[in-house]
S.K.: 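Structure below; questions to follow.
Since we're looking at a predicted model, the values are computed, not measured. Heads up: numbering here begins at 1 and tracks the sequence.
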Amino acid sequence: MSHVEVAVGYATASRKGVPATASFRRWVEAALKGARRRKATQVAIRIVEADEGQALNRQYRGRDYATNVLSFPADFPPGVELPLIGDLVICAPVVAREAAEQGKKPADHWAHMTVHGTLHLLGYDHIEDAEAEAMEALETRILAGLGISDPYLAP
């Protein structure tokens, strides 16, 4: 795989239960490999609290609640080619709550949200049923390669 840079910013009161940068890098690399991206790639990840997650979701998606992951694909002018594919914003309290509610290991859910967001940065989507099925199948394969069970099946 080509060179991959993952920058993680922690904008949380506590890092308790939040994975280390090395874990995020491993998960992004797995997503890139699973999507067969071979070019040099940069991804920025910001870990946030619920208030910032809610504000960003409201501003960019028109939804007034904190969500688990937001993806902001890089949008460069024509002719400008840089390795940055975009930014992910992951809301720590939402990921922790969802993992508990769904009976998943917190680290597995963090991995899923990172893979899911990275695939969005690469252009994958789940608006149409066929797109959703393809994206979920790819996520499941990528996570299986990391030793994580299917996130779409109840534990």
Side-chain angles (χ1 to χ4, degrees), residues 1-77 79-102 104-127 135-136 138-148 151-152:
M1 171 169 282
S2 292
H3 183 70
V4 177
E5 286 183 46
V6 178
V8 181
Y10 296 89
T12 54
S14 166
R15 291 203 20 199
K16 184 175 188 218
V18 178
T21 299
S23 295
F24 288 108
R25 178 182 169 81
R26 187 166 54 93
W27 300 329
V28 168
E29 287 176 341
L32 296 171
K33 182 179 177 187
R36 295 186 169 97
R37 178 168 171 101
R38 291 179 175 81
K39 296 192 256 181
T41 304
Q42 295 173 336
V43 175
I45 300 174
R46 181 172 171 86
I47 309 303
V48 301
E49 295 287 355
D51 56 347
E52 184 174 348
Q54 180 174 354
L56 289 167
N57 200 26
R58 181 177 50 243
Q59 180 177 354
Y60 292 100
R61 294 181 66 226
R63 298 183 180 169
D64 196 16
Y65 57 87
T67 190
N68 47 29
V69 61
L70 292 167
S71 302
F72 298 95
D75 186 20
F76 299 114
V80 175
E81 292 200 25
L82 297 172
L84 178 68
I85 60 170
D87 301 337
L88 298 179
V89 175
I90 305 176
C91 186
V94 173
V95 172
R97 176 180 45 82
E98 288 177 346
E101 289 172 355
Q102 297 169 20
K104 296 177 180 174
K105 294 178 191 171
D108 290 356
H109 196 47
W110 278 100
H112 180 210
M113 293 303 94
T114 304
V115 167
H116 183 86
T118 301
L119 291 178
H120 274 307
L121 295 178
L122 293 173
Y124 289 85
D125 214 333
H126 48 80
I127 295 170
M135 186 172 178
E136 289 175 11
L138 180 55
E139 287 174 40
T140 300
R141 280 196 308 276
I142 292 165
L143 293 169
L146 293 166
I148 298 171
Y152 295 102

S.K.: Describe, in one word, how the ring planes of H126 and H116 are oriented to each other, choosing from parallel (under 30°), tilted (30 to 60°) and perpendicular (over 60°).
M.R.: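 Taking H116 first and then H126, their aromatic rings sit tilted (interplane angle of 30° to 60°).
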S.K.: Does H109 have any ring pair (Phe, Tyr, Trp, His ring centres under 6.0 Å) partners at least two apart in sequence or in another chain, and if so, which?
M.R.: none
S.K.: Which atoms form the tightest heavy-atom contact between L143 and P151, and what is the distance?
M.R.: CD1-CG, 3.6 Å
S.K.: I'd like to know if the side chain of S14 reaches the main chain of T12, judged simply by a donor and an acceptor atom lying under 3.5 Å from each other, with no hydrogens or angles considered.
M.R.: no
S.K.: Which atom pair, heavy atoms only, marks the closest approach of P93 to E49?
M.R.: CG-OE1, 3.9 Å
S.K.: Pairs under 3.5 angstrom only: tabulate donor-acceptor contacts from the side chains of residues 65-75 to other protein residues two or more places apart or in another chain.
M.R.:
| unit_1 | atom_1 | unit_2 | atom_2 | d |
| --- | --- | --- | --- | --- |
| N68 | ND2 | E98 | OE1 | 3.1 |
| N68 | ND2 | E98 | OE2 | 3.2 |
| S71 | OG | G117 | O | 3.2 |

S.K.: Which atom pair, heavy atoms only, marks the closest approach of T118 to T114?
M.R.: OG1-O, 2.8 Å
S.K.: From the options V115, L119, L122, select the one residue that forms a side chain to side chain contact (heavy atoms under 4.5 Å, CB included) with L138.
M.R.: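 Only match with L138 under side chain to side chain contact (heavy atoms under 4.5 Å, CB included): L119.
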S.K.: So how far is it from L88 CG to M113 CE, rounded to the nearest 0.5 Å?
M.R.: 11.0 Å
S.K.: Return each pair, listed once, that meets salt bridge (charged side-chain N to carboxylate O under 4.0 Å, His left out) where at least one residue sits in residues 58-68; pairs must be two or more places apart or across chains.
M.R.: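 The answer is R58-D64.
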S.K.: If you take all heavy atoms of I90 and I45, which pair is closest and at what distance?
M.R.: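 I90 and I45 have their closest heavy atoms at CD1-CG2, 4.0 Å.
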S.K.: Can you name the salt bridge (charged side-chain N to carboxylate O under 4.0 Å, His left out) partners of E101, sequence neighbours left out?
M.R.: R97
S.K.: Which distance, rounded to the nearest 0.5 Å, do you find between the CD1 of I85 and the CG of L121?
M.R.: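 So the gap between those two atoms works out to 4.5 Å.
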S.K.: Does L82, at its CG atom, have more than 12 non-hydrogen atoms belonging to other residues, nucleotides or ligands within less than 6.0 Å?
M.R.: yes
S.K.: At their closest point, which heavy atom of G53 faces which heavy atom of V48, and how far apart are they?
M.R.: N-CG2, 3.8 Å
S.K.: Give me each pair satisfying ring pair (Phe, Tyr, Trp, His ring centres under 6.0 Å) with a member in residues 25-55, each pair once, sequence neighbours excluded.
M.R.: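 Of all non-adjacent pairs touching residues 25-55, those that pass ring pair (Phe, Tyr, Trp, His ring centres under 6.0 Å) are F24-W27.
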S.K.: Atom CD1 of I148 and atom NZ of K105: how far apart are they, to the nearest 0.5 Å?
M.R.: 8.5 Å
S.K.: Which distance, rounded to the nearest 0.5 Å, do you find between the CH2 of W110 and the CD1 of I47?
M.R.: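 That separation rounds to 4.5 Å.
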S.K.: Taking salt bridge (charged side-chain N to carboxylate O under 4.0 Å, His left out) as the cut-off, I'd like each qualifying pair that reaches into residues 2-25, sequence neighbours left out, listed once.
M.R.: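 For residues 2-25, and leaving out neighbouring residues, the salt bridge (charged side-chain N to carboxylate O under 4.0 Å, His left out) pairs sorted by first residue read R25-E29.
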